[in-house]
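Following: one structure in structure tokens, then a few remarks.
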Amino acid sequence: MFFSDNSIPENTRKAINSAVSLGRLPCSILLTGGHEELREKSALSLASAVLCPEARKNGNFPCGKCNTCLRVMSGLHPDITMVLPEDGKKLLSVKTVRERCLSRLSAPPTEGENKVFIFPQSDGLQSVVQNALLKSIEEPPEDTMFIFCAVAGEGLLTTVLSRLTEYPLGDHLSSEGRKSDETVVSTADSIALALCSEDEFGIMLSLSPMVKDRKMMASVAERLILIIRDAMAQGSGAKSLSGNETAAFALSRRYKISSLLKIKEVLDKIITESSFNANENLLISRFSSLTAPILKERL
């Protein structure tokens, strides 16, 4: 069965298999959650569904055995383009997007009937790049598919997200290099409570577990964002996202919503920068320096 990996949520597997069997696979897709390898493998699997020459004989499902499918899954098919930053650069530029993607939209596929553009690192896409892609994502050529892979998709513009069909592959905290264990939870909860004080040393102390484990930064930042969202929703009756009502309540009593939004923006920056393998010690220092002026903004 196509998309039978049990690590992928059942609802996602059913949705994808149904879309493929009906020949209604979306042209602009967002894959979120899971680990990086799973996102890329899933993107290639979706590509095989529109490139396999045997698909029509198999109820629109790729055969997985032909030369085309084998080359697709190895990432070597000429009609698949991985849109990545230029060598030596961390950010994808508009120039690269135009050269690797937009300039090729009107060209026919090299070998098959379709062409697929995969963006494996969509979390750090700059707004100017997303805006450059917006019209093409909304109205792609009939022979073109866009697939964006992201940890959580929170870095994508609302205008872009609204034009993508999202298929969650699992809890975004379970992605490679992002731990979803008790250490992440306890560290994030400690930082949230430390932010309620004016003790910068206390905040640095709460950040210390990440010095010993360089893979925790993004996971901790993502949980902190959930706590902050809960803090902003205090009194609205909304369901808790983080499960830490104590920290959320404390933050809501300590900060105005505008200040909480500033902290969230800092965390968004940390998550984006951590996806580029930035030094964790540097990220910890940046978090401390960026939040320092916010600590003075009391209710």
For Ile16 and Ile8: C-alpha separation, side-chain torsions, deciding distance, then whether side chain to side chain contact (heavy atoms under 4.5 Å, CB included) applies. CA-CA 11 Å; Ile16 290 176; Ile8 298 174; 6.0 Å; no

Could you walk me through whether Asp5 and Ser7 pass side chain to side chain donor-acceptor pair (under 3.5 Å), step by step? CA-CA 5 Å; Asp5 189 332; Ser7 67; 2.7 Å; yes

Decide yes or no on side chain to side chain contact (heavy atoms under 4.5 Å, CB included) for Val116 and Val72, but give the supporting numbers first. CA-CA 10 Å; Val116 182; Val72 167; over 6 Å; no

Given side chain to side chain contact (heavy atoms under 4.5 Å, CB included), test Asn58 with Phe2 step by step and report yes or no. CA-CA 11 Å; Asn58 298 305; Phe2 188 58; over 6 Å; no

After noting the C-alpha distance and the side-chain angles of Arg13 and Ser4, does the key distance pass the side chain to side chain contact (heavy atoms under 4.5 Å, CB included) rule? CA-CA 7 Å; Arg13 283 182 276 138; Ser4 57; 5.5 Å; no

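Residues Ile203 and Ala194 approach most closely at CG1-O, 3.7 Å, considering heavy atoms. When all heavy atoms are compared, the tightest approach of Val129 to Ser93 is CG2-C, 3.9 Å. Across all their heavy atoms, Leu251 and Ala231 have their closest contact at CB-CB, 3.8 Å. When all heavy atoms of Glu111 and Asp79 are compared, the pair lying nearest together is N-OD2, 3.0 Å. The two residues Leu70 and Lys65 have their closest heavy-atom pair at CD1-O, 3.7 Å.
Residues forming a side-chain hydrogen bond (donor to acceptor under 3.5 Å, both in side chains) with Arg24 (at least two apart in sequence, or on another chain): none. Under the rule for a side-chain hydrogen bond (donor to acceptor under 3.5 Å, both in side chains), Glu245 has no partner lying at least two apart in sequence or in another chain. Scanning for side-chain contact (heavy atoms from CB on, under 4.5 Å) contacts around Asp143 gives Pro109, Asn114, Lys115, Pro141, with sequence neighbours left out.
Looking at Arg223, its side chain never comes within 3.5 Å of a backbone N or O of Asp189 through a donor-acceptor pair. Listed for the Arg98 side chain is no donor-acceptor partner under 3.5 Å among the backbone atoms of Ser103. Put simply, the side chain of Ser21 gets close to the backbone of Ser18: a donor and an acceptor are under 3.5 Å apart. In this structure, the side chain of Thr187 does not engage the main chain of Val184 through any donor-acceptor pair within 3.5 Å. A donor-acceptor pair under 3.5 Å is formed between the side chain of Ser28 and the backbone N or O of Ile137. Listed for the Gln130 side chain is a donor-acceptor partner under 3.5 Å among the backbone atoms of Leu157. Here the side chain of Thr12 pairs a donor or acceptor atom with the backbone of Pro168 at under 3.5 angstrom. Using modelled atom types, no side-chain atom of Glu86 and backbone atom of Thr96 make a donor-acceptor pair closer than 3.5 Å. Between the Tyr255 side chain and the Leu195 main chain, a donor and an acceptor come within less than 3.5 Å of each other. When atom types are taken as modelled, the side chain of Arg100 and the backbone of Leu84 share no donor-acceptor pair closer than 3.5 angstrom.
Atoms NZ and CG, on Lys41 and Leu169 in that order, are 11.5 Å from each other to the nearest 0.5 Å. If you take CG on Leu260 and CZ on Arg229, they are separated by 12.5 Å, rounding to the nearest 0.5 Å. Rounded to the nearest 0.5 angstrom, Glu265 CD and Ile228 CD1 are separated by 10.5 Å.
A 6.0 Å sphere centred on NZ of Lys264 holds more than 12 heavy atoms belonging to other residues, nucleotides or ligands. For CD of Glu113, the number of neighbouring non-hydrogen atoms (other residues, nucleotides, ligands) closer than 6.0 Å is 12 at most.
Looking at heavy atoms from C-beta onward, Leu92 lies out of side-chain contact with Gln121 at the 4.5 angstrom threshold. Side-chain contact between Phe249 and Asp230 is absent, with no heavy-atom pair separated by less than 4.5 Å. Between Pro26 and Tyr167 there is a side-chain heavy-atom pair separated by less than 4.5 Å. The shortest side-chain heavy-atom distance between Arg254 and Leu295 falls under the 4.5 Å cut-off. Residues Leu44 and Ile80 are in side-chain contact: their nearest non-hydrogen atoms beyond the backbone lie under 4.5 Å apart.
Salt-bridge check for Lys135 with Glu139: passed, with a basic side-chain N closer than 4.0 Å to an acidic carboxylate O. At a threshold of 4.0 Å, the pair Lys14-Glu10 counts as salt-bridged, since one of the basic side-chain nitrogens sits closer than that to a carboxylate oxygen.
Ring geometry, Phe148 versus Phe119: the interplanar angle falls under 30°, so the pair is classed parallel (tilted spans 30 to 60°).
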